[in-house]
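Working notes, beginning with the structure itself.
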Amino acid sequence: MSTSSITILGGDLRQCYAAEYLLQAGWQVTCFHTPDFPWNAEISFADSISQALNASDLILAPTPLSKDGIHLFQTCSDPPCLLTELWDALTPDKTFVVHSLPKETEQKLTQKGCPIFSFSQSPVFSAENALLTGEGLLAELIRYTPFSLSSANVLLLGYGCCGSAIGTLLHPICRSLSLLEQEEWKRSQAESKGICPITWEDFSKVLPTCSLVINTIPKQILEPAQIRLLSDACHIFDIASAPFGFPDDLTEQYLLPYFRLPGLPGRFSPITSGELIGKIIERITDYVL
């Protein structure tokens, strides 16, 4: 299916730059509840969710779709849009383009008969987005830690796209970089780059020496007894998607500095990230839909 019109919903500045990119590529663009921005006059704005969805067959959802599970994610001052309003207004002829979705949301769209394209599954997007995530994390590490990275002993949890990009970025900077990863080929890949894979048996020696723990895995990896092995000065940075790698009340429970950092590309590289989304959408329409 060839398409040249798109409706862009909510989100942060990534949505704005994706809109600008697609407009320059010849698309008709309609926006709804996107952030305030010096918009091109050729971009249309919808007054309601139904008007927004009726304008196009291709719908670009924000990243993340929602922060509270109730409202569409948006950073602008418009009244919030309930997800139930979005589901009620969707029709089967709409293709839903999104970074990723919870299973229950996928089921809602499937019941509606709406095709879904998750661009987080694209290897090109994942690799480029991981680089932007690594750069954003580096900025936050420098901002929030009271010690130099050159003196830091770092434990990295997970070596997927983001973990690999972060490891490549931090290895030349930090004093030491250890990795917990279950898949043997990823462990070997990391070791070839000078990163030290560890096992569960190494925790009693490694955890007390850590000054930084960086989690990329969307589930809890460290058990309470293992968290208690960490030094009081250890800072924990969690870039995983929900349900994250540590509990909300980690700081209250263990008195450890804990930072959840979702959406790093949107905050630190919105132009590059937005254009990347635009390019992926072009690929979708040319080769997938």
**OP:** Might you point out which heavy atoms bring Pro62 and Leu9 nearest each other, and give the distance in Å?
**Re:** CD-O, 3.4 Å
**OP:** Determine, using the 4.5 Å side-chain heavy-atom cutoff (strictly less than), whether Ile59 and Ile49 are members of one ILVMFWY cluster.
**Re:** yes
Original post:
What distance separates Leu101 CG from Ser118 OG, expressed to the nearest 0.5 Å?
Top reply: 6.5 Å
Subject >> Candidate pair Ser100 and Ser120, rule side-chain hydrogen bond (donor to acceptor under 3.5 Å, both in side chains), full reasoning >> reply: CA-CA 6 Å; Ser100 58; Ser120 66; 4.8 Å; no
Original post:
Are the side chain of Gln220 and the backbone of Leu222 linked by a donor-acceptor contact shorter than 3.5 Å?
Top reply: yes
Original post:
In terms of hydrophobic clusters joined by side-chain contacts under 4.5 Å, are Tyr17 and Ile281 together?
Top reply: yes
**OP:** Might you work through the side chain to side chain contact (heavy atoms under 4.5 Å, CB included) test for Glu20 and Asn40, ending with a clear yes or no?
**Re:** CA-CA 7 Å; Glu20 292 283 354; Asn40 189 300; 3.9 Å; yes
Subject >> Derivation and outcome, side chain to side chain contact (heavy atoms under 4.5 Å, CB included), residues Phe237 and Thr145 >> reply: CA-CA 10 Å; Phe237 292 81; Thr145 54; 3.9 Å; yes
Original post:
Quick one: OG on Ser122 to CG on Asn129, what's the gap to the nearest 0.5 Å?
Top reply: 10.5 Å
Original post:
Is the shortest heavy-atom distance from the side chain of Phe32 to the side chain of Gln51 under 4.5 Å?
Top reply: no
Original post:
Does the Ser269 side chain pair with the main chain of Pro265, one donor and one acceptor, at a distance under 3.5 Å?
Top reply: no
**OP:** State whether the side chain of His171 and the backbone N or O of Gly194 hold a donor-acceptor pair below 3.5 Å, judged by distance alone.
**Re:** yes
Subject >> Glu191 side chain reached by Cys196 side chain, heavy atoms, under 4.5 Å >> reply: no
**OP:** Could you tell me which non-hydrogen atom of Ala18 sits nearest to which non-hydrogen atom of Ile8, and how far apart they are?
**Re:** C-CD1, 4.4 Å
Original post:
So do the side chains of Trp200 and Gln182 get within less than 4.5 Å of each other, counting heavy atoms only?
Top reply: yes
**OP:** Rounded to the nearest 0.5 Å, what's the gap from CD1 on Ile217 to CG on Leu157? Could you check?
**Re:** 5.5 Å
Subject >> Flag, side chain of Glu223 to backbone of Ala225, donor-acceptor distance under 3.5 Å >> reply: no
Original post:
Would a hydrophobic clustering, with Ile, Leu, Val, Met, Phe, Trp and Tyr connected at side-chain separations under 4.5 Å, put Tyr254 with Phe244?
Top reply: yes
**OP:** Look at the side-chain heavy atoms of Ile, Leu, Val, Met, Phe, Trp and Tyr, link any pair under 4.5 Å apart, and say whether Leu169 and Leu179 land in one connected group.
**Re:** yes
**OP:** Evaluate ring-ring contact (aromatic ring centres under 6.0 Å, His included) for Trp27 paired with Tyr21, printing each intermediate quantity in order.
**Re:** CA-CA 9 Å; Trp27 289 56; Tyr21 176 87; 9.4 Å; no
Original post:
Would you say Ser164's side chain and Gly160's backbone share a donor-acceptor pair under 3.5 angstrom?
Top reply: no
**OP:** Indicate yes or no for a side-chain donor-acceptor contact from Asn153 to the backbone of Ser211 under 3.5 Å, with no hydrogens or angles considered.
**Re:** no
Subject >> Asp12 with Arg267: basic N within carboxylate O range, under 4.0 Å >> reply: no
**OP:** Go through the steps to decide whether Asp68 and Ser66 satisfy the test side-chain hydrogen bond (donor to acceptor under 3.5 Å, both in side chains), and finish with yes or no.
**Re:** CA-CA 6 Å; Asp68 60 8; Ser66 174; 3.1 Å; yes
Original post:
Would you say Gln28 and Ile6 make side-chain contact, with heavy atoms under 4.5 Å?
Top reply: no
Original post:
Out of curiosity, Leu170 CG to Ser176 OG, how far, rounded to the nearest 0.5 Å?
Top reply: 11.5 Å
**OP:** Might you confirm whether atom NZ of Lys67 has over 12 heavy atoms from other residues, nucleotides or ligands at distances under 6.0 Å?
**Re:** no
Subject >> Flag side-chain contact, heavy atom, 4.5 Å: Leu156 against Leu180 >> reply: no
Subject >> Short side-chain to backbone donor-acceptor contact, Glu140 and Leu261, under 3.5 Å >> reply: no
Original post:
Atom CG of Leu72 and atom CG of Leu82: how far apart are they, to the nearest 0.5 Å?
Top reply: 10.0 Å
Original post:
Does any N or O in the side chain of Lys94 come within less than 3.5 Å of the main-chain N or O of Leu53, such that one atom is a donor and the other an acceptor?
Top reply: yes
**OP:** Quick one: sort the Trp87 and Phe96 rings into parallel, tilted or perpendicular, breaks at 30° and 60°.
**Re:** tilted
Original post:
What closest approach, in Å, do Ala233 and Phe147 show between heavy atoms, and which atom pair accounts for it?
Top reply: O-CE2, 4.1 Å
**OP:** Assess whether atom CD of Glu42 is packed by more than 12 heavy atoms of other residues, nucleotides or ligands within 6.0 Å.
**Re:** no
Subject >> Beyond-backbone contact of Phe268 with Ser273, side-chain heavy atoms, under 4.5 angstrom >> reply: no
**OP:** Identify whether Ile214 and Leu155 are in the same connected component of the hydrophobic contact network (ILVMFWY, side-chain heavy atoms under 4.5 Å).
**Re:** no
Subject >> Audit row: Thr105, Leu65, side chain to side chain contact (heavy atoms under 4.5 Å, CB included) steps and yes/no >> reply: CA-CA 10 Å; Thr105 305; Leu65 176 68; 3.8 Å; yes
Subject >> Cation over ring face, Arg187 and Tyr159, 6.0 Å, 45° >> reply: no
Original post:
What's the shortest heavy-atom distance between Cys76 and Pro35, and which atoms?
Top reply: CB-CA, 3.9 Å
**OP:** Could you walk me through whether Phe119 and His99 pass the ring-ring contact (aromatic ring centres under 6.0 Å, His included) test, one step at a time?
**Re:** CA-CA 5 Å; Phe119 52 82; His99 179 271; 5.7 Å; yes
Original post:
If we only count heavy atoms from C-beta on, is the Thr251 to Leu255 side-chain gap below 4.5 Å?
Top reply: no
Original post:
Would Leu149 and Leu141 count as a side chain to side chain contact (heavy atoms under 4.5 Å, CB included) if you check the C-alpha gap in whole Å, the side-chain angles of each, and the deciding distance to 0.1 Å?
Top reply: CA-CA 8 Å; Leu149 294 181; Leu141 292 177; 4.3 Å; yes
Original post:
Measuring from Lys205:NZ to Leu229:CG, what's the distance to the nearest 0.5 Å?
Top reply: 13.5 Å
**OP:** Decide ring-ring contact (aromatic ring centres under 6.0 Å, His included) for Tyr258 and Phe246; before the verdict, give the C-alpha distance in whole Å, the side-chain angles of both, and the deciding distance to 0.1 Å.
**Re:** CA-CA 9 Å; Tyr258 175 50; Phe246 294 90; 5.7 Å; yes
**OP:** Using atom types as modelled and distance alone, determine if a side-chain donor or acceptor of His71 lies under 3.5 Å from a backbone N or O of Gly69.
**Re:** no
Original post:
Would you say Phe259 and Pro257 make side-chain contact, with heavy atoms under 4.5 Å?
Top reply: yes
Original post:
Looking only at atom types and distance, does a side-chain atom of Thr30 sit under 3.5 Å from a main-chain N or O of Ala55, one as donor and one as acceptor?
Top reply: no
